[in-house]
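As the structure lists them, so they are numbered: ligands from 1, and atoms in each ligand from 1.
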Amino acid sequence: MANQNLTGTALLQNGVFSKGTAYTEEERSALKLKGLLPPVPATLDMQVEAMMEQLRTFDTPFQKALFLDGLRAANETLYFRLVLDHVEEVQPLVYTPTVGEFCQKFSHLFRFPRGLFISIEDKGHIAEILDNAPQEEVDMIVVTDGQRILGLGDLGVNGMGIPVGKLALYTACAGVDPRRTLPVTLDVGTNTERYLNDPLYLGHRHPRVTGQAYDDFIEEFFQAVHKKWPKCVVQFEDFGNNHAFDLLARYRTRYSCYNDDIQGTASIVVSGFYSAVRAKKSKLSDEKILFLGAGEAATGVANLIADAMVEEGTDRDAALGKLYLFDSHGLVTKGREGLAVHKVPFAKDLEPCTSFEECIRRLRPTAIVGLSAQGGAFTESVVKTMTEINERPIIFALSNPTSKAECTAEQAYTWSDGKALFSCGSPFAPVTYKGKTYVPRQGNNSYVFPGIGLGAILSQCKEITQEVFLSAAHTCANMVTEEDLAQGSLYPSLTRVREISREVAANIIELALRTGQAQIERPADIRQYVTDHMYNPGY
Ligand code: NAD
């Protein structure tokens with residue numbers, strides 16, 4: 001994107017192009033900036049240092065997030081340099097968990113327009129709205145309809161913080177060019193009374209539109225996007241269960257699209273399993289896995305684990321037979337009436353069972369995976385039972401936020417006498433137990449989705465297949481070192497995220513070329529091709 005020959009105040013007030021105090025003497029003369037800035041030019045490093053100093057003066061993560069929001073509006077290059085250089089400190093501020101509070105207050109703090117808002121009232125005119133997008137070329141869209149934002153429920157148009165924050169992570173973690181990404185919020189109304197009655201709420205005040213009208217709206221959106229940007233990758237984010245599975249099934253083979261809640265989660269959890277079975281010196285097909293929760297995340301994970309077992313040579317039915325779901329009504333069995341379609345492949349011909357611990361005793365799983373948002377559900381007795389049955393029980397407590405974690409890291413290590421192969425959805429500090437220090441790491445989607453997006457963009461892949469998510473799972477697991485494993489870490493350090501994303505993207509491009517999904521010529525050196533196309537914030 002050219003800087004449109006901006007000069008003077010117009011340039012300084014354009015956050016996409018402004019370098020703030022970093023203009024040199026020569027630039028200041030040429031661009032009519034003399035006198036508009038303090039006299040001594042700064043460097044990008046100095047700017048980052050100053051902004052980090054400011055950031056750390058704020059007391060709460062929310063205040064810090066507001067500060068960062070303003071910084072991004074003022075100088076996007078500086079913002080991304082800062083996020084990149086301090087990813088561990090800043091990621092929780094620009095995305096989960098802080099983005100949740102940011103979204104809840106979105107209408108009350110709205111200052112800086114970003115991305116596109118498309119309302120169901122705009123039906124028939126979506127193409128015209130896309131023409132208003134701030135950028136001419138778009139490689140990637142993250143879209144939400146705000147129905148199920150994190151664990152916070154229906155936030156309506158306030159959900160916009162999610163696609164904005166998520167795309168910031170694509171840029172920070174994988175170098176997806178922010179000038180070619182577009183956050184989109186589809187406003188189909190909200191069923192949240194609090195917003196319907198809030199005079200400052202900025203979305204349409206009517207209940208959510210569903211059914212045929214909703215489907216037609218989404219169809220028009222996809223067609224308009226594809227017509228304007230035929231190779232654009234679309235990532236669904238935080239759609240409700242009633243739409244997420246349907247939309248993915250409808251569009252996954254028609255367009256380059258995926259759902260991170262379902263498929264990105266699956267990829268990173270499978271990656272954790274690869275590390276766990278490496279530590280156990282077994283293979284995935286040897287595991288018997290009981291899920292607590294049977295929603296988007298759990299069934300997405302279960303499906304990809306089945307694919308991974310098939311990849312190892314197991315028959316699909318045999319693979320499905322090793323995967324059990326336990327939801328709010330108990331064990332998912334064939335006899336249950338009105339079973340949602342995404343749970344059907346995993347339903348078992350067994351007696352109903354409504355106690356999770358009892359299920360563990362009956363089924364004797366080697367692994368339990370918590371994706372239920374039920375804080376504390378992995379009780380002492382549950383963990384101890386798993387440890388009685390298994391030499392190295394696999395215990396993944398993946399629910400967010402921390403208060404919803406099925407157990408803490410300390411509980412998992414203590415109750416299993418240090419034997420658990422543990423990963424978590426929320427961050428936990430290292431735990432020292434009987435003189436050994438364990439470093440639990442988060443099964444954080446950020447290890448994989450940025451690289452998946454970058455790989456899909458750079459290969460211009462026609463369809464994002466399940467193999468893509470398995471490839472990302474393998475890549476991330478292969479970057480876990482023996483030292484990581486020895487300290488109980490099933491994931492690499494998140495400080496390596498750019499390196500991991502580059503590798504994930506390169507392997508996806510290779511896969512897309514091999515399977516005929518890519519729409520590019522084979523680059524001479526795929527890793528170099530990825531590196532050359534990664535956005536690196538600088539002046
Ligand atoms: P969802 O609403 O689609 O599913 C929740 C599931 O939990 C449902 O199947 C529900 O029946 C079940 N459940 C509710 N109460 C239960 C109970 N008492 N006992 C057993 N099951 C119960 O939500 P989701 O998107 O699948 O997310 C679930 C959790 O996973 C959330 O906390 C989310 O933050 C977390 N998550 C973590 C990651 C990650 O760590 N990478 C990724 C995605 C989701």
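Asn507 pairs by the side chain to side chain donor-acceptor pair (under 3.5 Å) definition with Thr475, Arg527, not counting sequence neighbours. Partners of Asp198 under the salt bridge (Lys or Arg N to Asp or Glu O under 4.0 Å) rule, at least two apart in sequence or in another chain, do not exist in this structure. In this structure, the side chain to side chain contact (heavy atoms under 4.5 Å, CB included) partners of Lys64, at least two apart in sequence or on a different chain, are Leu55, Phe58, Leu93.
Of all heavy-atom pairs spanning Phe326 and Thr354, the tightest one is CZ-O, 3.4 Å.
Pocket lining of ligand 1, defined as residues with a non-hydrogen atom under 4.0 Å away: Arg148, Asn241, Thr265, Leu292, Gly293, Ala294, Gly295, Glu296, Ala297, Phe326, Asp327, Ser328, Leu371, Ser372, Ala373, Gln374, Leu398, Ser399, Asn400, Gly425, Gly443, Asn445.
Aromatic rings from Phe222 and Phe236 are positioned such that their centres are separated by under 6.0 Å.
Side-chain polar atoms of Thr144 and Glu237 form no donor-acceptor pair below 3.5 angstrom.
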